[in-house]
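Report on the structure given below.
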Amino acid sequence: MPPDFSLNCQQSLRALFAMNWLFGRYSVVFYATLATLAGAAWLIIDGPFNPWLMSSLALSSLLMVFGIQDYFQTGSAVRANFPVLGRLRYFFESIRPELRQYFWEDDDAELPYSRNQRAMVYQRAKSEFSIRAFGSIEAMYKEDFSWLNHSLAPLHIEAEDFRTWVGVGDQRYAISLLNISGTSFGALSPPAIEALNLGAAQGQFAHNTGEGSVSPYHIKGGGDLILQVSTGYFGFRDASGRLDRALFAQKATQPQVKMIEIKLSQGAKPGHGGLLPAAKVTAEIALTRGIDEGVDCASPANHTEFKTPQALLRFAAELRVISGGKPVGIKLCIGHPWEFIAIVKSMTEGEPLLDFISVDGAEGGTGAAPTEFSDHLGSPLTDALVFVDNTLRGAGLRSRIKIAASGKMVSAFDIVKHCALGADWVNMARPFMFALGCIQARNCASGLCPTGIATMDPTRYRVLDIQSKASRVRNFHQNTLKAVGELIGAAGIAHPVDLNRRHIVRRLSGSEILLADQIYPKVLDNQLFTEEPIADPRLAVYWHRVSGRSFAADDPQPVDAPPKADANNT
């Protein structure tokens, strides 16, 4: 072997050793091992005791053990190639959301709520001065920017409640313009539920129980409740998981329960069902829901009590009777348009009427959902709301059936905008959680919520003071509705019911704006029973192809079988 080749190999090995062990990826474990051996040798030769030396020895031993473990493990390539150092990647990755939120997040970056939006809620919850100096920071010439047209004859609005009657008869309910959306006991902690409901009682608005049923903490708060009936029938289910009508009657006839909501789907995960992890299923939750303690609580994707639009409407009518005549409605995220059209058409053909429909947008929140479901499944709120409003108007049912809207709303303008598009009232969940002190850590499913709101760990939720948090919930509701009154007053409108799509303007480009009335299809009252052309293409295509016997749409023309490919694939 040539001497030059041997010399080059030796130099390369020395350089590789220096690069990897002395100054590179293995340096931490290398120096930790040397330090540990040196410290051990010092102890063996019975050197004088030194607390600093002992501390250093303990640290170096720990780093050495971690390094050796990382080097030989096979679960993570990064840790194997960079012993100890690779662990820093996972540490910084774990605190990335906090670093982004505190240092690098733009004030208007909605992830999912922006810093400005959260600050507005915090200020209104504390009844602080929530104004902005030096003008707007909104990009008003950016595509999709929206605004409310004002009037040269503004009004001074005294009333700030803006209630809407829902249902008929003695049990009809005057619901507030702003209410708390579904927040289940178990998904939220006991003091969080109690504070939300106590705030609702103080502000005289409603609190939806979510699918977790009526808990003792809802009752303690004393606020009005909307009892949600989910696919799991939690709180009133029999041993097989089906609805127990006697148990339902016990819950639904309580004076606190004002309305019943049948949950068909949820915006954040339509068609998926729900899951409460076993770690959150305490004995108290198991008793409240009628399930086993310490076991994952899964709700199925669909109901067992009905399979057709007709059966759904008859089920709703049955629940209305059992509850003593209280308003009954449905909650859904719009998916296949013909399915909702089939429900509405069934009502025009003699089936029992619903009292309200809660439209949940795909941008709605949840404690946990598959990423694809949250990002790419279901109709966003604006489009769904217009469609539901059009369908009810075209069927001549809009004055009888009320519409609620939910899905990533936070400000008074959000409320005004969606009322103009068709809503009678709105429901919010995450903004009320901000009022409780939520910091948007997005750690809801783990049970490690840093503010004690979305956890069942008593050592975490002990920090929630129910009285002070309830006051903030009430304040947020009160101050938001006050802002609504100022907004609609500036537009010359006395009540949100008078809003329509002509009041909202949207920018389509730098040089083009249109009223919402010009953007979205418009359907007149009872127009579906006339020969006039229907502007909404979903209604025009499917109204005559659905019936109450099925959620499916009939195909008006036979579909030919696809041609079979031959061996040559021609």
Side-chain angles (χ1 to χ4, degrees), residues 113 117-128 130 160-164 173-210 212-228 254-259 261 358 365 367 404 406 409-412 414-415 425-440 444 449 451-455 461-485:
Y113 286 88
Q117 290 173 322
R118 299 195 305 272
M120 181 188 65
V121 176
Y122 298 148
Q123 289 167 345
R124 287 181 175 166
K126 298 174 185 178
S127 286
E128 293 179 351
S130 58
E160 297 172 358
D161 211 357
F162 310 121
R163 293 189 177 271
T164 297
Y173 179 58
I175 195 167
S176 174
L177 179 65
L178 172 59
N179 303 279
I180 304 174
S181 192
T183 47
S184 297
F185 171 53
L188 300 191
S189 64
I193 292 292
E194 186 175 346
L196 285 173
N197 196 260
L198 180 58
Q202 293 173 355
Q204 297 183 327
F205 55 100
H207 179 194
N208 192 305
T209 64
S213 190
V214 180
S215 73
Y217 304 97
H218 290 99
I219 301 300
K220 281 184 181 179
D224 292 349
L225 292 173
I226 301 173
L227 176 59
Q228 189 175 94
Q254 295 180 77
Q256 258 181 270
V257 175
K258 302 300 182 183
M259 302 200 303
E261 180 184 80
S358 296
S406 58
M409 290 178 284
V410 65
S411 70
D414 293 335
I415 296 175
W425 75 88
V426 303
N427 300 321
M428 299 182 187
R430 287 171 290 181
F432 281 106
M433 292 171 64
F434 292 147
L436 289 178
C438 170
I439 60 172
Q440 194 171 270
C444 308
C449 173
T451 59
I453 296 172
T455 180
Y461 66 64
R462 66 175 181 81
V463 301
L464 288 178
D465 181 76
I466 294 172
Q467 294 297 328
S468 66
K469 298 301 184 183
S471 296
R472 294 188 179 188
V473 169
R474 177 201 63 212
N475 291 343
F476 171 67
H477 177 270
Q478 179 180 6
N479 291 325
T480 300
L481 290 192
K482 182 178 180 181
V484 169

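Numbering of residues begins at 1 and proceeds along the displayed sequence.
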For the residue pair K469 and A195, what are the closest heavy atoms and their distance? CB-CB, 3.9 Å

Just verifying a value: how many Å separate I453 CD1 and C444 SG, rounded to the nearest 0.5 Å? 9.0 Å

Output all residues satisfying side-chain contact (heavy atoms from CB on, under 4.5 Å) with A119, sequence neighbours left out; order by chain, then residue number. none

Nearest atoms (heavy-atom pairs only) where V121 meets P431: CG1-O, 3.3 Å

Can you tell me if Q204 and S176 form a side-chain donor-acceptor pair at under 3.5 Å? no

Sidechain-backbone polar pair: D414 side chain, S411 backbone, donor-acceptor under 3.5 Å: yes

Any side-chain to backbone donor/acceptor pair from N208 onto G210? Under 3.5 Å, distance only. yes

Contact summary for T209 and L227, nearest pair of heavy atoms: OG1-CA, 3.8 Å

Check: M428 main-chain N/O paired with S181 side-chain donor or acceptor under 3.5 Å: no

Taking the side chain as everything from C-beta on, heavy atoms only, tell me whether V214 gets closer than 4.5 Å to I219. yes

R163 side chain to A174 backbone, donor-acceptor under 3.5 Å: yes

Just by distance, do the side chain of T455 and the backbone of G452 share a donor-acceptor pair under 3.5 Å? no

Parallel, tilted or perpendicular: which describes the rings of F476 and F432, with under 30° parallel and over 60° perpendicular? perpendicular

Within the 4.5 Å heavy-atom criterion, are L225 and N197 side-chain neighbours or not? yes

Smallest heavy-atom separation, G182 atom then A429 atom, equals O-CB, 4.5 Å

Donor-acceptor pair, S215 side chain versus Y217 backbone, under 3.5 Å? yes

Are N179 and W425 close enough that some pair of their side-chain heavy atoms sits under 4.5 Å apart? yes

CD/Q228 to OG/S358 distance, rounded to the nearest 0.5 angstrom? 8.5 Å

Rounding to 0.5 Å, atoms OG (S468) and NZ (K126) come to a distance of 11.0 Å

So, do I226 and I175 sit near enough that their side-chain heavy atoms are less than 4.5 Å apart? yes

Minimum heavy-atom separation for Y122 to I439, with atom names? OH-CA, 3.7 Å

For Q202, which residues count as a side chain to side chain donor-acceptor pair (under 3.5 Å) partner, sequence neighbours excluded? R474

If you look at every heavy atom in V473 and F205, which pair is closest and at what distance? CG1-CZ, 3.9 Å

Test your reading of the model: is there a side-chain donor-acceptor pair from E194 to the backbone of H218, 3.5 Å cut-off? no

Test item: C438 and R430 side chains (from C-beta on) under 4.5 Å apart, heavy atoms: no

Can you tell which of N427, T183, D224 makes a side chain to side chain donor-acceptor pair (under 3.5 Å) with H207? T183

Would you say the side chain of V463 lies within less than 4.5 Å of the side chain of T451, judging by non-hydrogen atoms? no

Distance in Å, R472 CZ paired with N475 CG, rounded so as to fall on 0.5 Å steps: 9.0 Å

Determine whether a donor-acceptor pair (N or O, by modelled atom type, separation under 3.5 Å) exists between the side chain of R118 and the backbone of Y113. yes

Quick one: do L177 and D161 satisfy side chain to side chain contact (heavy atoms under 4.5 Å, CB included)? Show the steps, please. CA-CA 7 Å; L177 179 65; D161 211 357; over 6 Å; no

Do the side chain of Q117 and the main chain of V410 share a donor and acceptor less than 3.5 angstrom apart? no

Rounded at 0.5 Å granularity, tell me how far NZ in K482 sits from CZ in R124. 10.5 Å

Is the shortest side-chain heavy-atom distance between I466 and L198 below 4.5 Å? yes

